Number of protein chains: 2
Amino acid sequence: MIPLPEPMRQALAAAAAAAEAGEVPVGAVVMRGGETIAVSANAPRALHDPTAHAEMRVIRDAAARLGRERLEECDLWVTLEPCAMCAGAIAHARIGRLYYAAADPKGGAVEHGPRLFGQPTCHHRPEVYAGIGEAAAAALLRDFFAARR
Amino acid sequence: MIPLPEPMRQALAAAAAAAEAGEVPVGAVVMRGGETIAVSANAPRALHDPTAHAEMRVIRDAAARLGRERLEECDLWVTLEPCAMCAGAIAHARIGRLYYAAADPKGGAVEHGPRLFGQPTCHHRPEVYAGIGEAAAAALLRDFFAARR
């Protein structure tokens with residue numbers, strides 16, 4: 001079995017930690033070349049913040065750390081297909097490449113729903129690579145929701 | 001001439017202050033009944049945060065102030081048609097009513113582009129009222145961009 005790339009392993013670890021904290025397990029990492037700029041997980045409940053998805057938090061952290069508004073030469077790794085809010089933020093941040101693990105037919109906005117990066121009003125389209133780490137990311141989500149039933 | 005509703009006047013004042021600070025002038029207010037819960041403006045440059053649109057900031061502020069993840073009985077007033085990121089956040093926050101002033105054919109995602117609230121994968125649709133304060137909001141934006149040419 002081919003090992004997962006390090007950034008996706010970091011994103012999965014962040015997602016697993018979120019599950020332990022009672023949050024829907026989604027994790028994200030921003031990389032610049034081989035350097036990890038930020039790692040975050042989903043935390044809307046703990047933070048009382050409906051916008052606190054993993055992607056939003058990691059983009060905000062990375063931009064703060066780099067001291068600028070855009071992340072042109074950065075890539076984003078996330079364990080779940082981004083929703084419309086997060087896909088919009090990825091476009092605003094000018095993320096170069098988006099890697100996501102599991103698809104999200106119910107709430108995803110990259111290959112489902114509005115397919116945001118294909119909209120004429122989308123001002124920036126990252127390169128998109130889907131499916132890396134899909135099985136592990138989906139298992140985290142399945143176990144989380146199974147334990148809550 | 002019919003005076004503008006107080007929340008839109010507050011949003012326009014926040015937008016005007018943003019312009020003074022060199023930010024694209026967009027302002028937003030979250031109300032609960034007659035109570036102003038939060039007022040914010042667009043500030044991605046000052047904050048080094050590509051997600052710092054007026055709507056995102058006002059939703060985060062209101063949720064923090066109320067100490068919860070959702071803003072079910074709240075309304076959002078904003079001077080410009082929300083983009084996909086902000087429309088997604090409005091849905092996640094379960095905002096009851098959305099009032100916006102000027103339409104945004106280039107980046108708006110309510111009556112333009114992905115028309116997010118009409119997507120089958122959108123889990124919550126606010127009531128939407130457009131056009132209140134449109135002339136004032138559009139003038140702020142026009143003057144801002146004219147001064148930068």
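Not measured: the values here are computed from a predicted model. Chain letters run A, B, ... following the sequence lines, proteins first, then strands; residues in each count from 1.
- A continuous path of Ile, Leu, Val, Met, Phe, Trp and Tyr side chains, each step under 4.5 Å between heavy atoms, connects Val128(A) with Ile95(A), placing both in one hydrophobic cluster.
- The same ILVMFWY cluster, assembled from side-chain heavy atoms under 4.5 Å apart, contains both Val24(B) and Val110(B).
- Taking both residues in full, the closest heavy atoms of Thr121(A) and Gly108(B) are given as OG1-O, 4.5 Å, listed atom of the first, atom of the second, then distance.
- Hydrophobic clustering (ILVMFWY, side-chain heavy atoms < 4.5 Å, transitive): Leu66(A) and Val58(A) are in one cluster.
- A 6.0 Å sphere centred on CD of Glu20(B) holds no more than 12 heavy atoms belonging to other residues, nucleotides or ligands.
- Tracing side-chain contacts under 4.5 Å through hydrophobic residues (I, L, V, M, F, W, Y), one reaches Val26(A) starting from Phe144(A); they form part of the same cluster.
- In this structure, NE2 in His112(A) is found 12.5 Å from CD in Gln119(B), a value given to the nearest 0.5 Å.
- Heavy-atom neighbours of chain A within the stretch residues 74-93 of chain B, taken at a separation under 4.5 angstrom, comprise Cys83(B), Ala84(B), Met85(B), Gly88(B), Ala89(B), His92(B), Ala93(B).
- Of the residues considered (Pro50(B), Gly107(B), Cys122(B)), Pro50(B) shows the highest number of contacts with chain A, using heavy-atom pairs under 4.5 Å.
- Here Thr51(A) contributes atom OG1 and Glu69(B) contributes atom CD; the two are 10.0 Å apart, rounded to the nearest 0.5 Å.
- Residues Ile132(A) and Leu140(A) share a hydrophobic cluster, clusters being chains of Ile/Leu/Val/Met/Phe/Trp/Tyr side chains in contact below 4.5 Å.
- Distance check: Ile59(B) CD1 to Asp49(A) CG gives 9.0 Å after rounding to the nearest 0.5 Å.
- To the nearest 0.5 Å, the span separating CZ on Arg65(B) from NE2 on His48(A) amounts to 15.5 Å.
- Listed options Gly67(A), Gly118(A), Ala63(A) were ranked by heavy-atom pairs under 4.5 angstrom with chain B; first place goes to Gly67(A).
- Looking at Arg45(B), the atoms closer than 4.5 Å to chain A (heavy atoms on both sides) sit in the backbone and in the side chain alike.
- Interface remark: of the candidates Arg115(A), Arg94(A), His123(A), His123(A) forms the most heavy-atom pairs closer than 4.5 Å to chain B.
- Using a 4.5 Å cut-off between heavy atoms, Pro120(B) does not touch chain A at all.
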